[in-house]
Amino acid sequence: MTRDDNDGKRPPDFIRAMVERDAESGKYGGRVATRFPPEPNGYLHIGHSKAIWISYGIAQEFGGTFNLRFDDTNPTGENQSYADAIIEDMRWLGVDWEDRLYYASDYFEQLYEWGEKLIRDGKAYVDSSTEAEIREYRGTVTEPGRNSPYRDRPVDESLDLFRRMRAGEFEDGAHVLRAKIDMAHPNMTMRDPLLYRIRHQHHFRQGDDWCIYPMYDYAHCLEDAIEDITHSLCSLEFKVNREIYDWILDAVGIERPRTEQTEFARLNIDYTIMSKRKLIQLVEDGHVSGWDDPRMPTVAGLRRRGVTPEAIRKFNEMIGVSDVDSRIEYSRLEYAIRDDLNWTSPRRLAVLDPLKVVITGYPEGEVEWVDAPEYPRDVGKEGTRRVPFTREIWIERSDFMEEPFRKFYRLAPGREVRLRHAYVIRCDEVVKDPESGEVVELRCSHDPETMGANPADGRKVRGTIHWVSAEHAVPAEVRLYDRLFSVPDPEADLEEGASFAMNLNPDSLVVVEDARVEPSLADDPPGTRYQFERHGYFMSDPEDSGSGRLVFNRTVTLRDSWAKIEAKRKGS
RNA sequence: UGGCCCGUGGUGUAAUUGGCAACACGCCUGACUCUGGAUCAGGAGAGUCCAGGUUCGAUCCCUGGCGGGCCAACCA
């Protein structure tokens with residue numbers, strides 16, 4: 001039972017409002033068709049999940065279709081393993097494209113033919129300038145460009161050259177196909193944009209069939225047109241490309257109503273980065289263990305960290321869609337994750353920093369198996385597991401304070417505390433290492449009447465702490481993950497020559513080698529999620545946990561009002 | 001310096017053909033509690049970037065500033 005998240009439905013965002021208008025006006029015969037066009041040259045990250053949920057969500061809401069299309073128009077850096085990983089991630093996210101999995105490279109022949117048509121129509125020409133010349137002739141944002149000397153080359157000559165480009169007669173960079181638009185156009189993307197370049201490179205799907213490859217501005221709109229997309233949704237930085245999007249469609253003669261591009265703000269989240277290029281750098285420079293490092297904002301990383309697809313969906317719903325550049329607070333992601341996991345994760349007891357407690361009045365060798373509920377009452381789910389109670393237990397070192405201050409409700413000399421699912425105990429004696437002075441053991445008495453009951457005399461016990469039986473506890477490694485960067489915007493305000501990597505959070509991973517967890521955790525398969533009470537949500541690591549070894553990844557901490565009290569106390 | 005886009009509490013979104021700014025996260029209080037969790041109740045916090053204009057009335061329309069973003073890869 002998760003809380004209903006559809007009540008108090010928010011009004012449609014500007015894109016949904018547009019789609020709704022189009023659906024009602026019958027602009028596309030009532031049809032809605034969207035797509036997600038990843039380039040298979042990297043892993044999907046949470047920013048992509050936003051784009052996916054916009055396009056996929058809209059298709060679903062309006063009874064439309066959704067295509068997954070790989071935009072594999074540049075063989076450099078693209079490969080099948082990236083495509084496979086993207087497919088896996090999208091399936092995991094819960095996206096269903098049915099049988100509409102497409103590859104832009106399957107349209108190469110059609111794209112090529114349109115290229116010839118453009119030449120024949122005098123709308124494109126083969127330019128034999130060097131790369132540097134082309135750059136120079138393009139001008140700048142403030143100065144107009146100049147025409148290439150090849151711009152008025154006869155149609156037949158361009159056509160011949162274009163065919164020979166395809167045939168492989170030229171080296172990389174010898175010629176390019178360009179649209180003939182306007183070298184003085186205020187929009188730089190309209191200054192005779194490149195349509196095709198020569199690239200003698202093996203394509204992971206097309207092999208060596210092609211040595212010329214279409215550029216994004218030429219290919220993308222046509223891919224959309226071929227697939228009869230109605231609403232081509234992309235991020236804000238493509239706004240300037242919309243003009244060329246429409247120009248190409250006009251030039252090849254795609255008639256309206258036809259696909260139209262609409263841009264929305266891409267996702268930015270505090271304390272992380274979304275740039276694919278920089279994510280690659282983190283992997284390659286060894287700052288993280290891989291694309292699926294639980295600190296990475298990648299879908300694979302989030303998955304390994306223990307985040308659910310449902311939480312990602314909720315998060316995306318929560319943040320909305322607009323055309324204003326924005327940066328989402330990290331706490332919103334955490335909220336979405338907790339709001340999902342709270343209702344689905346069984347509770348367990350785990351002690352991360354063990355301190356020995358001896359229950360002096362409890363018989364040696366006795367074991368009580370307590371039926372502990374898997375969920376608190378308000379979650380409303382059934383189920384219990386058996387937790388052994390014995391004379392010697394481990395508690396969290398931070399749950400004891402020799403000189404407590406007023407608001408500390410846990411264990412202290414002479415104070416009482418509730419052991420979760422077990423007895424109320426009182427700390428009678430603090431045993432210290434004679435040399436270091438470190439507290440090594442607590443000797444406590446228990447109130448035998450308090451198992452599953454409040455103290456008979458009505459006295460109040462304010463705190464409840466978690467514990468595990470020393471005899472039965474299972475050792476485990478616990479990986480405490482935190483935000484990857486220590487500043488909200490790692491890419492902002494960098495000094496000359498400084499790298500965003502300098503903002504990496506040195507404490508983004510703290511490994512607890514020797515945690516003690518309740519024995520019921522030993523038998524679950526890797527990839528099982530829990531709430532470790534009073535700590536947070538954890539998932540056993542799918543790779544490293546198993547076969548006798550237990551490894552848990554912290555997905556997210558619990559909301560921690562204690563931490564605030566403590567921080568305030570230290571601060572003032 | 002050219003073109004285009006954007007500017008609503010700390011953050012993200014609302015405000016349906018102009019009608020004295022709403023919701024969520026966060027923050028603060030309190031209640032409840034065998035998780036300092038969850039839940040519940042309450043509160044603080046913007047007068048909508050600024051200045052003009054149109055209007056009985058402007059977050060919304062107009063003009064001019066200011067601030068931010070994008071664009072000068074044979075990347076997408």
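Proteins get letters first, then strands, A, B, ... in listed order; numbering begins at 1 in each.
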(message) If the glycosidic angle sits within 90 degrees of zero it is syn, else anti. Tell me which applies to B:G42.
(response) anti
(request) Side chain of A:I134 only, please: which of B:C74, B:A24, B:G2 is the nearest? (result) B:C74
(message) Could you tell me how far B:U11 sits from B:C32 if I compare only their C1' atoms? Round to whole Å.
(response) 30 Å
(request) Check the distance between B:G37's P and A:K381's NZ and give it to me in whole angstrom. (result) 21 Å
(request) Write down the distance between OH (A:Y335) and C1' (B:C23), rounded to a whole number of angstrom. (result) 12 Å
(request) Round to a whole Å and report the spacing from CG of A:D13 to P of B:A15. (result) 10 Å
(message) What I want to find out is whether A:R483 reaches A:D270 closely enough, with some N-O distance under 4.0 Å, to be called a salt bridge.
(response) no
(message) Without decimals, in angstroms, what is the distance between A:R534 CZ and B:A38 P?
(response) 14 Å
(request) In whole angstrom, give me the gap between the P atoms of B:G64 and B:G2. (result) 14 Å
(request) Consider only side-chain N and O atoms of A:T298 and A:H45, and report whether a donor and an acceptor are under 3.5 Å apart. (result) no
(request) Using only heavy-atom distances, decide whether a donor-acceptor pair under 3.5 angstrom links the side-chain of A:Q531 to the base of B:U35. (result) yes
(request) Look at A:R197 and B:C75 and indicate whether a side-chain polar atom (N or O) is within less than 4.0 Å of OP1 or OP2. (result) yes
(request) Salt-bridge test for A:E533 and A:R420: reply yes if a basic N is under 4.0 Å from a carboxylate O, no otherwise. (result) yes
(request) Would you state whether a donor and an acceptor, one from the side chain of A:D560 and one from the base of B:G37, lie under 3.5 Å apart? (result) no
(message) Just to be sure I understand the rule, does A:R138 reach a base, reach only the sugar-phosphate, or reach nothing, if contact means heavy atoms closer than 4.0 Å?
(response) sugar-phosphate
(message) By the 4.0 Å heavy-atom rule, please label A:Y137 as base, sugar-phosphate, or nothing.
(response) nothing
(request) Pick base, sugar-phosphate or nothing for A:N74, based on heavy-atom distances below 4.0 Å to the nucleic acid. (result) sugar-phosphate
(request) Could you check whether A:T73 gets within reach of a base, just the sugar-phosphate, or nothing at all, counting any heavy atom under 4.0 Å? (result) sugar-phosphate
(message) Taking the P atom in each of B:C6 and B:A15, what is the distance between them to the nearest angstrom?
(response) 15 Å
(message) Does A:R338 reach a base, just sugar-phosphate, or nothing at all? Heavy atoms under 4.0 Å.
(response) nothing
(request) Please state how far atom CZ in A:R554 lies from atom P in B:G37, giving the value in whole angstrom units. (result) 16 Å
(message) Can you tell whether the side chains of A:R35 and A:E227 come within less than 4.0 Å, N to carboxylate O?
(response) no
(message) Restricting to side chain to side chain donor-acceptor pair (under 3.5 Å), what partner residues turn up for A:T130, sequence neighbours left out?
(response) A:E133
(message) Distance alone, cut at 3.5 Å: any donor-acceptor contact between the side chains of A:Y245 and A:Q261?
(response) no
(request) Indicate, with a heavy-atom threshold strictly under 4.0 Å, whether A:F238 touches base, sugar-phosphate, or nothing. (result) base
(request) Answer yes or no: side-chain N or O of A:R559 and base N or O of B:G36 forming a donor-acceptor pair under 3.5 Å. (result) no
(message) Please classify the nucleic acid contact of A:S275 as base, sugar-phosphate, or nothing, using heavy-atom distances under 4.0 Å.
(response) nothing
(request) Using the six-membered ring wherever Trp is involved, compare the ring planes of A:Y530 and A:F532 and label them parallel, tilted or perpendicular (cut-offs 30° and 60°). (result) parallel
(request) Can you tell me, in whole Å, how much space there is between the P of B:A44 and that of B:U29? (result) 15 Å
(request) Look at atom CZ of A:R459 and say whether more than 12 heavy atoms of other residues, nucleotides or ligands are closer to it than 6.0 Å. (result) yes
(request) Would you mind classifying the nucleic acid contact of A:I465 as base, sugar-phosphate or nothing, using non-hydrogen atoms under 4.0 angstrom? (result) nothing
(message) Which label fits A:H48 and A:F36: parallel for a plane angle under 30°, tilted from 30 to 60°, or perpendicular past 60°?
(response) perpendicular
(message) At less than 4.0 Å, is any side-chain N or O atom of A:R347 found next to OP1 or OP2 of B:G37? Yes or no.
(response) no
(message) Over all strands shown, is A:G145 touching base, sugar-phosphate only, or nothing at heavy-atom distances under 4.0 angstrom?
(response) nothing
(request) Treating a pair as Watson-Crick (purine N1 to pyrimidine N3 plus N6-O4 or O6-N4) or G-U wobble (N1-O2 and O6-N3) with both distances under 3.5 Å, list the stems of 3 or more consecutive pairs that involve RNA chain B. (result) B:2-7 with B:66-71, B:10-13 with B:22-25, B:27-31 with B:39-43, B:49-53 with B:61-65
(message) By the 4.0 Å heavy-atom rule, please label A:N41 as base, sugar-phosphate, or nothing.
(response) nothing
(request) Report yes if at least one side-chain N or O of A:T76 is closer than 4.0 Å to OP1 or OP2 of B:C75; otherwise report no. (result) no
(message) Quick check: on RNA chain B, is the nucleotide nearest A:E329 upstream (toward 5') of the one nearest A:V461, or the reverse? Name the residue that is more 5'.
(response) A:E329
(request) Check whether any side-chain N or O of A:S322 sits under 4.0 Å from OP1 or OP2 of B:U13, and answer yes or no. (result) yes
(request) Give A:L236 one of three labels, base, sugar-phosphate or nothing, depending on what nucleic acid heavy atoms sit under 4.0 Å from its own. (result) nothing
(request) Describe the nucleic acid contact of A:E334 in one word from base, sugar-phosphate, nothing, applying a heavy-atom distance below 4.0 Å. (result) nothing
(request) In plain terms, say whether A:E310 and A:R313 are close enough for a salt bridge, that is, a side-chain N and a carboxylate O under 4.0 Å apart. (result) yes
(message) I want to check a possible cation-pi pair here: A:R462 against A:Y409, using under 6.0 Å from ring centre and within 45° of the ring axis as the test.
(response) yes
(request) Check whether any side-chain N or O of A:K276 sits under 4.0 Å from OP1 or OP2 of B:A76, and answer yes or no. (result) no
(message) Does a side-chain N or O of A:R377 approach OP1 or OP2 of B:U33 to a distance below 4.0 Å, or not?
(response) no
(request) Using the P atom on both, measure B:U16 against B:C61 and round to a whole Å. (result) 11 Å
(message) Distance alone, cut at 3.5 Å: any donor-acceptor contact between the side chains of A:S49 and A:N316?
(response) yes
(request) Please tell me which of A:D71 and A:R327 maps to the more 5' nucleotide of RNA chain B, matching each residue to the nucleotide holding its nearest heavy atom. (result) A:R327
(request) Measure from CD on A:E133 to P on B:C74 and round the result to the nearest Å. (result) 13 Å
(request) Would you indicate what A:T140 reaches in the nucleic acid, counting non-hydrogen atoms under 4.0 angstrom: base, sugar-phosphate, or nothing? (result) base
(message) Does B:C75 have its OP1 or OP2 closer than 4.0 Å to a side-chain nitrogen or oxygen of A:R199?
(response) yes
(request) Using a cut-off of strictly less than 4.0 Å, decide whether A:K239 has a side-chain nitrogen or oxygen near OP1 or OP2 of B:C6. (result) no
(message) Using the C1' atom as the point on both nucleotides, what is the distance between B:A31 and B:G45, in whole Å?
(response) 23 Å
(request) Considering only atom C1', compute the distance from B:G26 to B:C49 and round it to an integer number of Å. (result) 24 Å
(request) Give the rounded distance in Å between these two atoms: CD1 of A:I244 and P of B:A76. (result) 14 Å
(request) Calculate the interatomic distance between A:I198 atom CD1 and B:C75 atom P; express it in whole Å. (result) 13 Å
(request) Tell me what A:L194 touches on the nucleic acid: a base, only sugar-phosphate, or nothing, going by heavy atoms under 4.0 Å. (result) base
(request) Determine the Euclidean distance between corresponding C1' atoms of B:C66 and B:G52; express it in Å to zero decimal places. (result) 14 Å
